[in-house]
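Below: one structure, written as structure tokens.
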2 protein chains.
Amino acid sequence: MTRRPSVSLKTIAERAGVSTITASRALRGMPIVNEKTRRQITEIATSLGYVPNRIASSLRSQRSGLIALIVPTVAGSIFSETVEAISRRLVAAGYQTIIGESTYDIGQEQAVLESLVQRRPDAIIIAGTNHTPATRTILEALGIPVIEIWELTDTPVDSVVGFSNFHAAYDFTRALIEKGYRRFAMASGPVEQENRASLRADGHYKALAEAGIDPGAAIVIPHFLGILHSGQSLLAFVRDHPEIDCLFCTNELIAIGATVQCRRAGIDVPGDIAIVGFGDVEACSIIEPPLTTVHINGTEMGRNAAQLVLDRLGGRGAAGARIDVRYAFRWRGTA
Amino acid sequence: MTRRPSVSLKTIAERAGVSTITASRALRGMPIVNEKTRRQITEIATSLGYVPNRIASSLRSQRSGLIALIVPTVAGSIFSETVEAISRRLVAAGYQTIIGESTYDIGQEQAVLESLVQRRPDAIIIAGTNHTPATRTILEALGIPVIEIWELTDTPVDSVVGFSNFHAAYDFTRALIEKGYRRFAMASGPVEQENRASLRADGHYKALAEAGIDPGAAIVIPHFLGILHSGQSLLAFVRDHPEIDCLFCTNELIAIGATVQCRRAGIDVPGDIAIVGFGDVEACSIIEPPLTTVHINGTEMGRNAAQLVLDRLGGRGAAGARIDVRYAFRWRGTA
DNA sequence: TTGTAGGCGTTATCAA
DNA sequence: TTGATAACGCCTACAA
């Protein structure tokens with residue numbers, strides 16, 4: 001670990017006999033620099049192992065090259081497709097994403113935002129459309145592109161890329177009713193703060209109410225419980241409610257856990273009980289039987305969000321964009 | 001999007017009738033500041049919506065509060081446990097991780113490193129111990145803590161937290177031989193650059209050679225193919241090699257794909273063929289039958305790596321740490 | 001307990 | 001095509 005006397009533009013400029021600004025221009029590939037000069041400067045920079053200081057650059061240019069991304073969690077694969085898609089595209093354009101986790105809590109979301117904002121990101125991508133008033137104030141005051149994702153709204157802070165969780169659940173439930181299911185129960189993550197789980201629950205219940213069907217029992221599964229542990233709770237729940245013919249889960253991890261544990265306990269899915277999820281991570285397709293669920297295109301959301309950011313930062317496009325990536329039902333083996 | 005005339009320490013200091021350095025000290029909670037003064041400054045800062053500029057702070061203090069983390073990919077859940085554990089711990093200590101993806105390529109790893117290093121991270125955590133010479137040079141010249149993870153080595157750049165991929169595969173294969181398997185084949189991701197797949201393959205083959213067992217056929221599955229697609233290739237491979245009694249996979253995703261597709265094709269696992277994986281993502285436990293595999297503790301690696309970083313940055317601990325998180329066999333249903 | 005002076009490394013701006 | 005100057009916002013070092 002050699003503590004190298006760090007080489008800066010000044011060092012290079014001195015050796016090349018030019019001013020620092022010329023060295024800067026040369027290394028940034030600005031065309032106004034004489035080719036011979038540039039070559040010489042580049043060579044010196046290389047031989048000295050020069051590493052540009054993006055911190056200084058950010059401070060002076062007022063552009064950090066950072067994009068803040070806030071999601072509930074990066075664990076568990078639900079959001080990781082989106083995160084991956086966003087990072088890939090932004091990295092290709094020379095940006096670095098900095099990720100914050102709200103842990104499904106808008107208070108924590110605000111704390112995370114306040115922390116990320118100190119690094120002066122050039123844009124923000126944030127999951128969800130329901131935030132604390134303070135969060136909204138901050139987002140609006142920032143004066144940078146803000147893209148909300150994983151939901152739609154008519155009153156975004158700026159732009160939004162997502163789908164209607166409410167309508168997806170509503171439509172899906174209607175389709176299930178049409179299939180003949182009548183005795184529903186719901187399994188969900190914590191329903192609060194107008195989060196995705198609550199919007200999905202609302203859509204589900206609305207469809208049931210319209211059809212005059214009893215909402216049935218409900219069970220709440222804590223976040224981060226793990227698929228098989230969730231499944232154990234759900235198995236107990238299902239056993240306590242033998243009348244259920246369709247267990248509606250507001251996320252796919254819960255549904256996978258329920259399916260696997262019911263099967264292992266000798267309950268026939270979908271024979272004895274149908275189980276459906278919401279969201280379509282890869283694990284949905286590998287269990288037996290594969291899960292019937294609502295497919296959400298996390299990658300497409302990520303790509304669109306990143307593209308919006310790039311457009312805005314490139315001076316193209318305006319605030320107020322609204323992209324609906326829709327959803328699709330995957331009728332597989334569990335219903 | 002109000003373009004607020006940004007409020008800096010200077011603004012606050014002026015309103016409070018103190019110098020900027022006093023405002024700085026007050027807001028950083030330095031105890032030497034008079035309590036009354038601090039309260040006043042804090043109030044002004046809050047009312048003005050002051051957001052500290054970490055870029056300026058980083059530049060002046062020479063500490064960015066950034067930890068660079070380089071992994072092959074964050075998709076696919078293999079490394080996400082580790083990433084998650086690292087981020088959680090570092091965030092709690094006030095650091096932000098910036099992630100780079102090497103896409104399983106040491107050339108790309110170098111490119112990513114060169115990019116991240118421009119942001120002057122306070123430490124680096126990097127997966128793997130085999131790097132390009134240039135990468136190693138850069139890491140050594142940086143003069144900051146460097147933690148290599150997901151492998152062990154006697155010649156780390158600095159410190160290392162991992163396990164021996166070679167020995168894990170070697171031991172696992174010996175255990176499989178003891179179980180009675182004799183006709184092996186191997187399925188692996190690209191084997192190159194002394195990566196984890198190649199180290200695991202080496203360990204496997206060494207154990208076979210010592211037992212005088214034929215290495216058998218081998219198939220390479222490209223990265224990022226997807227579990228079920230990989231499984232299709234593997235199903236075809238298995239059908240072409242009916243003599244195999246144990247398919248040794250160098251990662252668990254491949255093994256899951258093989259198991260699922262074989263089962264669906266009516267091949268009995270483990271009756272007709274045993275299938276084993278390496279690594280233990282959650283998906284291993286939800287398939288039928290659940291996968292026999294080598295359990296790797298990604299979370300523990302992450303926690304340890306993060307802790308090493310914090311110790312070093314806190315002035316505790318020294319370079320040269322070596323933490324072996326070991327591995328364990330999980331005998332489940334596929335072998 | 002508070003303040004002065006200056007610089008971290010880069011780039012915007014204006015001038016030549 | 002190149003350069004001089006200054007400034008981005010903060011914090012280190014030293015002084016009072």
Side-chain angles (χ1 to χ4, degrees), chain A residues 3-42 44-45 48-66 94 117-122 143-144, chain B residues 3-42 44-45 48-66 94 117-122 143-144:
Chain A
R3 253 254 153 271
R4 192 187 35 180
S6 75
V7 358
S8 67
L9 277 181
K10 193 159 141 236
T11 329
I12 293 170
E14 277 164 6
R15 300 237 186 166
V18 299
S19 67
T20 59
I21 186 63
T22 298
S24 171
R25 294 201 262 245
L27 295 173
R28 276 183 293 158
M30 298 188 78
I32 66 165
V33 180
N34 180 300
E35 258 319 312
K36 210 181 304 177
T37 315
R38 150 169 303 117
R39 203 165 36 245
Q40 193 198 356
I41 291 171
T42 308
I44 295 174
L48 260 41
Y50 170 66
V51 179
N53 188 324
R54 278 277 234 162
I55 294 174
S57 165
S58 298
L59 180 60
R60 178 65 250 228
S61 68
Q62 304 283 48
R63 300 189 309 102
S64 64
L66 258 21
V117 153
Q118 300 187 357
R119 298 192 185 273
R120 299 295 187 265
D122 295 334
I144 60 176
Chain B
R3 252 254 152 273
R4 193 186 34 180
S6 75
V7 358
S8 67
L9 277 182
K10 196 162 138 231
T11 329
I12 293 169
E14 278 165 5
R15 300 240 186 165
V18 299
S19 66
T20 61
I21 187 62
T22 299
S24 171
R25 294 200 262 243
L27 295 173
R28 275 183 294 156
M30 299 188 78
I32 67 166
V33 180
N34 180 300
E35 257 320 311
K36 211 181 304 180
T37 315
R38 150 166 308 115
R39 205 167 34 244
Q40 192 197 356
I41 290 172
T42 309
I44 295 175
L48 261 41
Y50 171 66
V51 179
N53 188 325
R54 277 277 233 165
I55 294 174
S57 161
S58 300
L59 180 60
R60 177 63 248 227
S61 68
Q62 305 284 47
R63 301 188 308 103
S64 64
L66 259 21
V117 153
Q118 300 187 357
R119 299 190 184 274
R120 299 298 188 266
D122 295 334
I144 59 176

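Note on naming: letters A, B, ... go to the chains in the order of the sequence lines (proteins, then strands), and numbering restarts at 1 for each one. Computed from a prediction, not measured in an experiment: that's the story for all the values here.
- Considering only residues two or more places apart in sequence or on other chains, A/Q118 meets the side chain to side chain contact (heavy atoms under 4.5 Å, CB included) condition with B/V51, B/P52, B/R54.
- No hydrogens or angles considered: nothing links the side chains of A/R15 and A/T11 as a donor-acceptor pair under 3.5 Å.
- Remark: B/S64 engages A/I55, B/S58, B/L66, B/D122 in a side chain to side chain contact (heavy atoms under 4.5 Å, CB included) (not counting sequence neighbours).
- Along DNA chain C, the stretch of nucleotides lying under 4.0 Å from any heavy atom of chain A spans, 5' to 3', C/dG9 to C/dA12.
- Take B/Q62 and apply the side chain to side chain contact (heavy atoms under 4.5 Å, CB included) test, not counting sequence neighbours, and it matches no residue.
- For A/R38, the salt bridge (charged side-chain N to carboxylate O under 4.0 Å, His left out) test picks out A/E35, with sequence neighbours left out.
- Between A/T22 and D/dG3 there is a side-chain polar atom (N or O) within less than 4.0 angstrom of OP1 or OP2.
- Partners of A/S61 by side-chain hydrogen bond (donor to acceptor under 3.5 Å, both in side chains), not counting sequence neighbours: none found.
- In this structure A/A16 satisfies the side chain to side chain contact (heavy atoms under 4.5 Å, CB included) test together with A/V18, A/Q40, A/I41, A/I44, sequence neighbours excluded.
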Q: Scan nucleotides 7-16 of chain D nucleotide by nucleotide, 5' to 3', and note B when protein non-hydrogen atoms come under 4.0 Å of the base, S if they reach only the sugar-phosphate, - if neither.
A: BBBBBB----
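- B/R63 is linked by a side-chain hydrogen bond (donor to acceptor under 3.5 Å, both in side chains) to nothing, counting only residues two or more places apart in sequence or in another chain.
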